[in-house]
2 protein chains.
Amino acid sequence: MCSNNIVDNNYSNTEIKIKDAAKSLFLKKGYSATTTRDIARESDINLAMLNYYFRSKRRLFEIIMFETLYEFLSKMVEVYNDEKTSLEQKLKLCSEKYIDMIIAEPLLPTFVLNELKNNPTSFLKMPTTKMIMKSNFVAQYQEGIKKGIYRKVDPIHFVTNVLSVIVFPFMCSPIIMKIENLSKKDFNIMMTERKKLIPAWIIQMIKK
Amino acid sequence: MCSNNIVDNNYSNTEIKIKDAAKSLFLKKGYSATTTRDIARESDINLAMLNYYFRSKRRLFEIIMFETLYEFLSKMVEVYNDEKTSLEQKLKLCSEKYIDMIIAEPLLPTFVLNELKNNPTSFLKMPTTKMIMKSNFVAQYQEGIKKGIYRKVDPIHFVTNVLSVIVFPFMCSPIIMKIENLSKKDFNIMMTERKKLIPAWIIQMIKK
DNA sequence: TTTTTTATTAATCATTTGTTTAGTTCATAT
DNA sequence: ATATGAACTAAACAAATGATTAATAAAAAA
């Protein structure tokens, strides 16, 4: 929820109510499986209000998609481009940050990757997308290679691996929970464990 | 395509044509975004044939889902339970096998994980699901821990990491291709590179 | 051949779904 | 107080969609 203040102030207007409900439903069920009547019911507004404020279901989706992606990518770039922190510190920071982020919104990775598959262009529009590979994070990695402390491997593999071990487990959470007989709480504890483990693993992976 | 023989033999009957088209479309667009008319058009059969052979769209989907999952899991267990190979050999084998498998059907991981999120029960029914954690692969890992050559970490993290670095990059392929300006061919070359890199990375990760 | 079963087709049904319309309420400005 | 525009509602429309039906063709059994 976006507007869970004690005072039911005017920010909780129809437009926001629609967006909140729509985001929740799109994340849970995807674009096609979510109907405009679902959204109207969930946000407790009249069906026509959706088109009144957002013109169409597609446009509402694109607005939510853009905002969600933007927020997500912004948080990523923040850590990667901090000039003050070392590579090891960045690993620790981004591991912690992403895992907290996804615990707070567990459906986000699957949603983003899934809807991206159908419409890869929406990602291109985001300014921050290509920045990752030109970030301080990657520069530090390449420096380590030059110094001879890291193995010489294309940085794309490095970045991919970091994101893989952080994000993928969340996408498998239904499987992991079933196999290991974990509750959602247990699963989150497991992911919290990984905050410390992942930086160590990555360092071991890249070191000579 | 399943039935692309030179001779248009009788195996290529209506039922198979429907299943082939439906699988292709479900993988590409998901359940909700695929209409029965899409399937009828793609398989070049009369719309009513879908219900004649499969009773409903949902049932057709469930049959395809089951078969796809079964095939996928069978291939996994095969490698994990080979008593003759060492852990390092298994890492190499499964890395190669999965990457080849997903290159052949790149939409499979996203499809499986996505539809699983909506219906986790279908996975429970699969007999091979829980077998992974009791496989020879995991046993060898735990043995390595006992011997003191591997760090003491819960096997679920080990298995998760292996699958993460293999599967996740495929799910990000649209992003990776965009960021790195890769064609689909280039991307597959990158993934083929990883066949050799992944076993080495994993060994480094788990070693003391 | 005749009969019976199976496979296929075109047309149709009943809902669902995204969107629009015409009318109403409400707040604000004149 | 009145007028004006924004916010909202109930109803309806048109297209899409999953499913069925009744009739026909093809194949198999008698």
Side-chain angles (χ1 to χ4, degrees), chain A residues 2-3 5 7-67 111 114-115 118-119 122, chain B residues 2-3 5 7-67 111 114-115 118-119 122:
Chain A
C2 188
S3 45
N5 308 14
V7 184
D8 195 10
N9 58 16
N10 251 355
Y11 261 112
S12 166
N13 58 21
T14 306
E15 197 173 340
I16 291 173
K17 271 162 73 183
I18 294 172
K19 264 170 67 175
D20 283 351
K23 185 177 179 181
S24 160
L25 285 167
F26 284 144
L27 278 165
K28 210 184 297 172
K29 318 208 287 169
Y31 177 78
S32 297
T34 302
T35 70
T36 52
R37 281 169 181 81
D38 281 342
I39 298 169
R41 201 180 311 113
E42 183 93 350
S43 56
D44 199 35
I45 52 103
N46 186 285
L47 177 58
M49 286 295 94
L50 194 153
N51 295 82
Y52 179 77
Y53 282 108
F54 299 99
R55 279 223 340 256
S56 72
K57 180 192 171 188
R58 170 60 58 184
R59 240 180 68 83
L60 170 59
F61 176 77
E62 272 158 11
I63 288 167
I64 288 167
M65 188 66 178
F66 183 89
E67 289 182 2
F111 169 75
N114 199 54
E115 301 297 340
N118 303 329
N119 181 20
S122 65
Chain B
C2 188
S3 45
N5 308 15
V7 184
D8 196 11
N9 59 16
N10 251 356
Y11 262 111
S12 165
N13 58 19
T14 306
E15 198 173 341
I16 291 173
K17 272 162 70 184
I18 294 172
K19 262 170 69 174
D20 283 352
K23 184 176 180 181
S24 160
L25 286 166
F26 284 145
L27 278 166
K28 209 183 298 170
K29 318 207 290 170
Y31 177 78
S32 298
T34 303
T35 70
T36 52
R37 281 168 181 83
D38 281 341
I39 297 168
R41 201 180 312 115
E42 182 95 349
S43 56
D44 198 37
I45 53 102
N46 187 286
L47 178 59
M49 286 295 94
L50 194 153
N51 296 84
Y52 179 78
Y53 282 108
F54 300 98
R55 277 226 338 257
S56 72
K57 179 192 170 188
R58 170 58 59 184
R59 240 181 67 83
L60 170 58
F61 176 77
E62 271 159 12
I63 288 167
I64 288 168
M65 188 66 180
F66 183 89
E67 290 182 1
F111 169 75
N114 200 51
E115 300 298 341
N118 304 328
N119 182 21
S122 65

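Just so it is clear: chains get the letters A, B, ... in the order the sequence lines come, proteins before strands, and each one is counted from 1. It should be emphasised that the depicted structure is a prediction, and the values quoted were computed from it without experimental measurement.
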Value in whole Å for how far the [atom2] atom of [N] lies from [atom1] of [X]:
| X | N | atom1 | atom2 | value |
| --- | --- | --- | --- | --- |
| N46(B) | dT12(C) | CG | P | 14 Å |
| R55(A) | dT19(C) | CZ | P | 10 Å |
| R59(A) | dG18(C) | CZ | C1' | 15 Å |
| I45(A) | dT19(C) | CD1 | P | 13 Å |
| N51(A) | dT21(C) | CG | P | 11 Å |

Open item on the list: Can you pull out the residues from residues 25-36 of chain B that lie within a 4.0 Å heavy-atom distance of DNA chain D?
Closed with: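 The stretch gives T34(B), T35(B), T36(B) as the residues lying under 4.0 Å from the strand, ordered by number.
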- [ ] Only pairs at least two apart or in different chains count here, so list each salt bridge (charged side-chain N to carboxylate O under 4.0 Å, His left out) that has a residue in residues 44-57 of chain A.
- [x]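 Counting only pairs at least two positions apart or across chains, no salt bridge (charged side-chain N to carboxylate O under 4.0 Å, His left out) contact touches residues 44-57 of chain A.
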Task: Any donor-acceptor pair under 3.5 Å from N13(A) side chain to I16(A) backbone - done: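 Side chain of N13(A) to backbone of I16(A): a pair is present.
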Open item on the list: Give me the atom names and distance for the closest heavy-atom approach of E115(A) to G30(A).
Closed with: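 For E115(A) and G30(A), the tightest heavy-atom pair comes out as OE2-CA, 3.7 Å.
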Identify each atom pair where a protein N or O and an N or O of nucleotides 5-7 of chain C are less than 3.5 Å apart, giving names and distance.
| from | atom 1 | to | atom 2 | distance (Å) |
| --- | --- | --- | --- | --- |
| dA7(C) | OP2 | Y52(B) | OH | 3.0 |

Could you grab the distance from atom [atom1] of [X] to atom [atom2] of [Y], nearest 0.5 Å is fine?
| X | Y | atom1 | atom2 | result |
| --- | --- | --- | --- | --- |
| F26(A) | N114(A) | CZ | CG | 13.5 Å |
| T36(B) | I39(B) | OG1 | CD1 | 6.5 Å |
| L50(B) | E15(B) | CG | CD | 11.0 Å |
| Y52(A) | L47(A) | OH | CG | 15.0 Å |

Open item on the list: What contact category does R37(A) fall into here, base, sugar-phosphate, or nothing, at under 4.0 angstrom with non-hydrogen atoms?
Closed with: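 Base contact.
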Open item on the list: Just to be sure I understand the rule, does L47(A) reach a base, reach only the sugar-phosphate, or reach nothing, if contact means heavy atoms closer than 4.0 Å?
Closed with: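 Counting heavy atoms under 4.0 Å across all strands, the contact made by L47(A) includes a base.
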- [ ] Under the side chain to side chain donor-acceptor pair (under 3.5 Å) rule, collect the residues that match up with D38(B), sequence neighbours excluded.
- [x]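 For D38(B) the side chain to side chain donor-acceptor pair (under 3.5 Å) partners, ignoring immediate neighbours, are K29(B), T35(B), R41(B).
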Task: Non-neighbouring partners of I45(A) that pass side chain to side chain contact (heavy atoms under 4.5 Å, CB included), sequence neighbours left out - done: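 Expected list: T14(A), K17(A), I18(A), A40(A), S43(A), M49(A).
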Open item on the list: So if I take the C1' atoms of five pairs at each end of the helix from dT1(C)-dA30(D) to dT30(C)-dA1(D) and get each local axis, what angle do the two axes make, rounded to 10 degrees?
Closed with: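 Helix axis angle between the two ends: 10°.
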Task: By salt bridge (Lys or Arg N to Asp or Glu O under 4.0 Å) - contacts of E67(A) (at least two apart) - done: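 E67(A) satisfies salt bridge (Lys or Arg N to Asp or Glu O under 4.0 Å) with K19(A) only.
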Extract all donor-acceptor atom pairs below 3.5 Å that involve side chains of residues 58-65 of chain A and protein atoms in other chains or at least two apart in sequence.
| from | atom 1 | to | atom 2 | distance (Å) |
| --- | --- | --- | --- | --- |
| R59(A) | NE | F54(A) | O | 3.4 |

Task: Start and end of chain A contact along DNA chain D [non-hydrogen atoms, under 4.0 Å] - done: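 Contact span on the strand: dA6(D) to dA12(D).
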